[in-house]
Student: 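Just passing along the structure, written as structure tokens.
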Number of protein chains: 2
Amino acid sequence: MKNSDAMSLTAALLGATGSLVQDIQTGVVAHGFDDIRPTHGFVFTRLAPDGATVTDIAAHLGFTRQAASQIVDELERKGYVERRPHPDDARSRLILLTERGWRCTRAAEASAAEAVRPWVEMVGERRLLALRDELVRLAPAGPIRPSW
Amino acid sequence: MKNSDAMSLTAALLGATGSLVQDIQTGVVAHGFDDIRPTHGFVFTRLAPDGATVTDIAAHLGFTRQAASQIVDELERKGYVERRPHPDDARSRLILLTERGWRCTRAAEASAAEAVRPWVEMVGERRLLALRDELVRLAPAGPIRPSW
DNA sequence: CACAGTGGGCAAGCTGCTTGAGTATGTAAG
DNA sequence: CTTACATACTCAAGCAGCTTGCCCACTGTG
């Protein structure tokens, strides 16, 4: 593969990903959740359905635990999550989505579906799911770094 | 398409893109260019081959012109780019890659090729180029936002 | 030759993450 | 049971990187 092809593939991935994230963000805001950013949404995906600890969230975002803790502070203050004592470890805390957090998560999912609709119309659902599976195989499970 | 499919597609795109960007960054650092970030690389891709103005760069990154100007300051100070008077407009300045800037760009391209090599081995070059073209069709030419 | 529009940059401010330090709890060895 | 070390979390301070507000220089239009 030519070097320039590798670069254009990178650019294409960046463009598509950024566009999709931006569309979802716009949709979430349109649903009335205008006090959060995409990063917070990445937290929600980690929290659903069974909750997680601050350390889990930090690993998921590729941040320090302190940063993750601050983000949880903010989400707690805004009513999206709540800290509970962890059932198995008194050092830890289990962070759970509140009802508001769940509503926001569902709004994000609906916005995502809306955002990919033109994609479905262009290449078809079957092809899109294949693309997803292919991407997962190519880059299995790293942290979701929301910034570079 | 189910809402959850849209979300998992988003997650897959984020994961693959982040992984690739991170691998390229690692490669660039390994080539000795350890004083720059992926954002600077996105600037380089816009500057090659004919240069660009600060306004062009700002649009490409989705930043303000002031932020783009600061980034150019830094790259100039580090010897990657230089500001020239613009041949057609005395208000503007044409920003060009220096020899060092070109070397870094080539290092980034080589690193990108290296980073996608396992992908080529997994799904084949033909398939990867098709994926690129598909992504470009799905999300044509927005700004490359390096953070959310 | 006014005047609105555009390209660029200085300075200050703020957001969001990191680094550093400290407390509470868990785990394991003697 | 005690000592020692590791883990989970958080408070506080620091700082990088982007924005907001302002300004000047040049363009092009009537």
Side-chain angles (χ1 to χ4, degrees), chain A residues 18 21-22 25 29 34-44 46-47 50-78 80-96 143-148, chain B residues 18 21-22 25 29 34-44 46-47 50-78 80-96 143-148:
Chain A
V21 169
Q22 190 55 52
Q25 172 69 11
V29 169
D34 60 347
D35 54 352
I36 51 172
R37 302 174 283 125
T39 297
H40 300 131
F42 304 153
V43 173
F44 293 170
R46 184 64 188 77
L47 255 32
D50 298 323
T53 67
V54 164
T55 300
D56 292 334
I57 295 171
H60 184 240
L61 294 179
F63 288 169
T64 60
R65 281 178 312 229
Q66 293 90 323
S69 187
Q70 287 174 10
I71 290 173
V72 170
D73 280 346
E74 183 184 350
L75 289 175
E76 195 174 31
R77 187 165 42 77
K78 291 178 176 170
Y80 290 99
V81 307
E82 58 182 357
R83 285 180 165 100
R84 296 273 190 89
H86 197 290
D88 301 333
D89 189 337
R91 292 170 303 179
S92 190
R93 300 202 193 184
L94 189 60
I95 300 155
L96 295 170
I144 305 287
R145 294 213 117 269
S147 69
W148 302 301
Chain B
V21 169
Q22 190 55 52
Q25 173 68 10
V29 168
D34 59 348
D35 55 353
I36 52 171
R37 301 175 283 124
T39 297
H40 300 131
F42 304 153
V43 173
F44 293 170
R46 184 65 187 77
L47 290 179
D50 298 323
T53 66
V54 164
T55 299
D56 293 334
I57 295 171
H60 184 240
L61 295 179
F63 287 169
T64 61
R65 284 187 310 255
Q66 291 89 328
S69 187
Q70 288 173 10
I71 290 173
V72 170
D73 280 346
E74 183 185 350
L75 289 175
E76 194 174 32
R77 187 164 42 78
K78 291 178 177 171
Y80 291 99
V81 307
E82 59 183 356
R83 285 182 165 100
R84 295 273 190 89
H86 198 289
D88 301 333
D89 188 335
R91 291 170 303 181
S92 189
R93 300 204 192 183
L94 190 60
I95 300 156
L96 295 169
I144 305 287
R145 295 212 117 267
S147 69
W148 302 299

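The figures that follow rest on heavy atoms only: side chains count, while hydrogens, waters and symmetry mates do not. Naming convention: chains lettered A, B, ... in sequence-line order (proteins, then strands); numbering from 1 in each chain.
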Student: Measure from CZ on A:Arg65 to C1' on D:dA6 and round the result to the nearest Å.
Tutor: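 Checked: the CZ to C1' distance equals 11 Å.
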Student: Rounded to whole angstroms, how far apart are CZ on A:Arg77 and P on C:dT15?
Tutor: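 Roughly 11 Å, once rounded to whole Å.
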Student: Whole angstrom is fine here: how far is it from CZ in B:Arg83 over to P in C:dG7?
Tutor: 16 Å
Student: Is it the case that D:dT27 (base atoms only) and B:Arg91 (side chain only) share a donor and an acceptor within less than 3.5 Å, ignoring hydrogens and angles?
Tutor: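 Between D:dT27 and B:Arg91, which were checked side chain against base, a qualifying N/O pair under 3.5 Å is absent.
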Student: Without decimals, in angstroms, what is the distance between B:Glu74 CD and C:dG9 C1'?
Tutor: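 Nearest whole value for this atom pair: 16 Å.
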Student: Nearest whole Å is fine: how far is D:dC18 C1' from B:Arg37 CZ?
Tutor: 10 Å
Student: Measuring to OP1 and OP2 of D:dC9, would you say a side-chain N or O of A:Ser69 lies under 4.0 angstrom away?
Tutor: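 No, because none of the side-chain N or O atoms of A:Ser69 sits under 4.0 Å from OP1 or OP2 of D:dC9.
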Student: What are the two closest non-hydrogen atoms of A:Ile71 and A:Val43, and how far apart are they?
Tutor: CG2-CG2, 4.1 Å
Student: Return yes if some donor-acceptor pair links the side-chain N/O of B:Arg145 with the main-chain N/O of B:Gly62 below 3.5 Å, else return no.
Tutor: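 Side chain of B:Arg145 to backbone of B:Gly62: a pair is present.
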Student: Is the closest side-chain heavy-atom distance between A:Leu47 and A:Ile57 below 4.5 Å?
Tutor: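 When only atoms from C-beta onward are counted, A:Ile57 and A:Leu47 do touch, with a gap below 4.5 Å.
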Student: Where the side chain of A:Ala67 is defined as all heavy atoms beyond and including C-beta, which of C:dC17, C:dC10, C:dG8 is the nearest nucleotide?
Tutor: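 Nearest to the side-chain atoms of A:Ala67, counting from C-beta on, is C:dC17.
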Student: Using 0.5 Å steps for rounding, measure from the OG1 atom of A:Thr53 to the CD1 atom of A:Ile95.
Tutor: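 One finds 6.5 Å between OG1 of A:Thr53 and CD1 of A:Ile95.
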Student: Of A:His86, A:Arg93, A:Arg91, which is the lone residue that meets side chain to side chain donor-acceptor pair (under 3.5 Å) with A:Asp89?
Tutor: A:Arg91
Student: For the pair made of CD in B:Gln66 and P in C:dA11, what is the distance, rounded to whole Å?
Tutor: 14 Å
Student: Please give, in whole Å, the distance from C:dT6 C1' to B:Asp88 CG?
Tutor: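 The distance from CG of B:Asp88 to C1' of C:dT6 comes to 15 Å, rounded to the nearest Å.
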Student: Could you tell me whether B:Thr64 contacts a base, only the sugar-phosphate backbone, or nothing, with contacts defined as non-hydrogen atoms closer than 4.0 Å?
Tutor: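 If one applies the 4.0 Å heavy-atom cut-off, B:Thr64 turns out to touch a base.
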Student: Would you say the base of C:dT18 and the side-chain of A:Gln70 have a donor-acceptor pair closer than 3.5 Å?
Tutor: yes
Student: From C-beta outward on A:Asp89, which listed nucleotide comes closest to its side chain: C:dG26, C:dG9, D:dT10?
Tutor: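 Looking only at side-chain atoms, A:Asp89 lies closest to C:dG26.
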Student: Starting at NE2 of B:His86 and ending at P of C:dT6, how long is that distance when rounded to a whole Å?
Tutor: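 After rounding, the reported distance stands at 16 Å.
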Student: Does A:Thr53 put a side-chain nitrogen or oxygen below 4.0 Å from OP1 or OP2 of D:dA8?
Tutor: no
Student: Please pick, from C:dG16, D:dA8, D:dT10, the nucleotide with the shortest atom-to-atom distance to any side-chain atom of A:Thr55.
Tutor: D:dA8
